[in-house]
Peer 1: 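Pasting in a structure now, in structure tokens, and then I'll have a few things to ask.
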Amino acid sequence: RSYGNPEAAEVLLSTGQAHTPDSGYLTFILSSAQQAINSGRLDCARRALDELADDAYLLEPGGRTRVLTVRALLAAASHLPEALRLLDIAASAANKQGADLWALTIELQIAALASSRELNSAVLRVAQADPAQLSINAEVLAPRLSDLETTAIDAVRREVVARPERWRIPLRSSLGQASTEEGRILAAQLLDRIGTIEDVPSIRTVARQLRGRRRDPMLGRRLARRLAARVFVEDLGPVTIRRGNVDIQGGDVRRKVLA
């Protein structure tokens with residue numbers, strides 16, 4: 001879930017509950033809750049966490065830190081007033097345990113609730129300590145692209161290119177729901193690097209809205225050309241046109257086209 005395709009994670013989690021041994025119970029519940037938070041299904045995350053017994057964290061080493069972290073992440077995603085307090089408690093537990101993965105996640109979350117300046121500083125610190133953490137927190141960063149300065153955007157771009165599956169869904173969401181034009185443009189530019197053919201129309205919509213120095217006629221077209229099926233024409237003997245896995249015989253094509 002952290003580094004790969006969120007949709008694949010959904011499938012694995014939806015089929016895994018019946019096969020989860022007692023030793024993996026806590027990990028399964030917390031992974032399900034965190035995946036639900038990332039996909040915006042906050043009620044599902046809440047129900048998953050409600051299943052946990054008060055002493056469930058004892059099932060796994062470091063369990064208490066992870067429970068505190070996921071509960072704090074849910075509070076932040078729900079815009080609860082106690083979110084910052086819960087994040088501070090989780091940060092204290094993570095630092096005491098030496099759980100750098102969770103400490104860096106919490107740092108980014110706290111910064112996302114603060115000013116743009118603090119967010120930029122946090123992105124640069126985390127990128128230096130463990131750049132993959134930027135991908136783990138893609139849902140936090142994608143909506144804030146317009147708040148990032150050049151060096152922070154560069155750090156995010158490197159992760160986007162390194163782990164495209166992790167970023168496609170958050171970037172698509174940002175492209176469609178960004179509150180600023182700058183956010184939509186940055187999401188479109190990043191999707192132009194890692195998107196699929198289905199992303200081309202939405203990227204082209206943004207491209208047609210650009211004016212002046214920001215105008216980029218190739219935005220979206222680069223992606224379309226890169227992903228387009230290759231066409232080969234075999235003309236030694238009967239003409240055959242091969243497009244991807246499809247063969248088109250010369251007799252099926254208008255003569256003027258072949259000429």
Side-chain angles (χ1 to χ4, degrees), residues 1-6 8-9 30-31 34-35 37-40 62 65-66 68-70 72-77 83-84 86-88 90-175 177-180 182-195 199 203 223:
R1 181 211 66 80
S2 294
Y3 303 105
N5 187 339
L30 294 177
S31 296
Q34 200 168 356
Q35 178 63 24
I37 293 169
N38 288 343
S39 59
T65 294
R66 190 174 180 191
L68 290 172
T69 299
V70 176
L73 296 179
L74 177 58
L84 190 57
L86 294 176
L87 286 167
D88 284 338
S92 176
N95 290 326
K96 183 180 293 186
Q97 184 189 327
D100 292 341
L101 185 148
W102 298 117
L104 293 173
T105 289
I106 296 164
E107 180 178 358
L108 282 174
Q109 279 285 349
I110 291 175
L113 297 176
S115 67
S116 298
R117 180 179 178 180
E118 290 183 62
L119 179 61
N120 277 278
S121 297
V123 167
L124 294 178
R125 284 195 302 272
V126 170
Q128 186 172 15
D130 181 4
Q133 276 286 339
L134 301 180
S135 291
I136 291 176
N137 292 281
E139 286 80 8
V140 175
L141 296 175
R144 298 290 303 273
L145 291 174
S146 60
D147 293 320
L148 300 182
E149 298 172 357
T150 301
T151 50
I153 281 288
D154 288 343
V156 169
R157 185 180 292 109
R158 287 191 291 272
E159 272 302 298
V160 168
V161 172
R163 309 176 204 279
E165 285 191 335
R166 182 66 187 88
W167 284 90
R168 285 187 187 118
I169 291 176
L171 288 175
R172 286 167 183 159
S173 177
S174 184
L175 182 61
Q177 302 174 19
S179 57
T180 66
E182 180 70 15
R184 287 191 294 275
I185 293 170
L186 288 168
Q189 290 171 340
L190 291 172
L191 270 178
D192 195 37
R193 301 282 299 271
I194 65 158
D199 296 310
I203 296 174
L223 178 63

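Nothing here was measured: the structure is a model prediction, and the numbers come from that model.
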Peer 1: Got a sec, which residues hit side chain to side chain donor-acceptor pair (under 3.5 Å) with D88, two or more places apart in sequence or on another chain?
Peer 2: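 Residues passing side chain to side chain donor-acceptor pair (under 3.5 Å) with D88: none at all.
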Peer 1: Say you draw a straight line from CG of L171 to CD of Q189; how long is it, rounded to the nearest 0.5 Å?
Peer 2: 11.5 Å
Peer 1: Would you please name every residue forming a salt bridge (charged side-chain N to carboxylate O under 4.0 Å, His left out) with R172, sequence neighbours left out?
Peer 2: D199
Peer 1: Run the side chain to side chain donor-acceptor pair (under 3.5 Å) test against Q177 and tell me which residues pass, sequence neighbours left out.
Peer 2: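 Side chain to side chain donor-acceptor pair (under 3.5 Å) list for Q177, sorted by chain: empty.
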Peer 1: Side-chain contact, heavy-atom cut-off 4.5 Å: N95 with W102?
Peer 2: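 Result no, sub-4.5 Å side-chain heavy-atom pair not found.
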Peer 1: Tell me whether Q133 contacts the main-chain N or O of L101 through its side chain, where contact means a donor paired with an acceptor under 3.5 Å.
Peer 2: yes
Peer 1: Does either side chain, that of S31 or that of R66, offer a donor lying less than 3.5 Å from an acceptor on the other one?
Peer 2: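 Checked: S31/R66 side chains pair up, N/O donor to acceptor below 3.5 Å.
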Peer 1: Not counting sequence neighbours, which residues clear salt bridge (charged side-chain N to carboxylate O under 4.0 Å, His left out) with R157? List them please.
Peer 2: D154
Peer 1: Just by distance, no angles: are the side chains of Q34 and N38 close enough, under 3.5 Å, to form a donor-acceptor pair?
Peer 2: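 Side chains of Q34 and N38: no pair found under 3.5 Å.
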Peer 1: Is there a donor-acceptor contact under 3.5 Å from the side chain of S173 to the main chain of I169?
Peer 2: no
Peer 1: Using side-chain heavy atoms (C-beta onward) and a distance below 4.5 Å, is D130 in contact with I136?
Peer 2: no
Peer 1: Residues in side chain to side chain donor-acceptor pair (under 3.5 Å) with E107, at least two apart?
Peer 2: R125
Peer 1: Quick check against the 3.5 Å criterion: does R163 have a side-chain atom that pairs as donor or acceptor with the backbone of S135?
Peer 2: no
Peer 1: How many angstroms lie between atom CG of L223 and atom CG of D192, to the nearest 0.5 angstrom?
Peer 2: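 Taking CG in L223 and CG in D192, the distance rounds to 5.5 Å.
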Peer 1: Report yes or no: does S174 contribute a side-chain atom to a donor-acceptor pair with the main-chain N or O of P170 at less than 3.5 Å?
Peer 2: no
Peer 1: State, with a plain yes or no, whether a side-chain heavy atom of L134 is found less than 4.5 Å away from one of V160.
Peer 2: no
Peer 1: Within the structure provided, determine whether I37 and V70 are in side-chain contact (heavy-atom separation under 4.5 Å).
Peer 2: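 Yes, side chains in contact.
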Peer 1: Starting at CG of L87, measure out to CD1 of I106 and round the result to the nearest 0.5 Å.
Peer 2: 6.5 Å
Peer 1: Please enumerate all residues that pass side chain to side chain donor-acceptor pair (under 3.5 Å) together with D147, with sequence neighbours excluded.
Peer 2: S116, R144
Peer 1: So which of L191, L175, L145, T180 actually passes side chain to side chain contact (heavy atoms under 4.5 Å, CB included) with L186?
Peer 2: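 Testing each of L191, L175, L145, T180 against L186, the sole residue satisfying side chain to side chain contact (heavy atoms under 4.5 Å, CB included) is L145.
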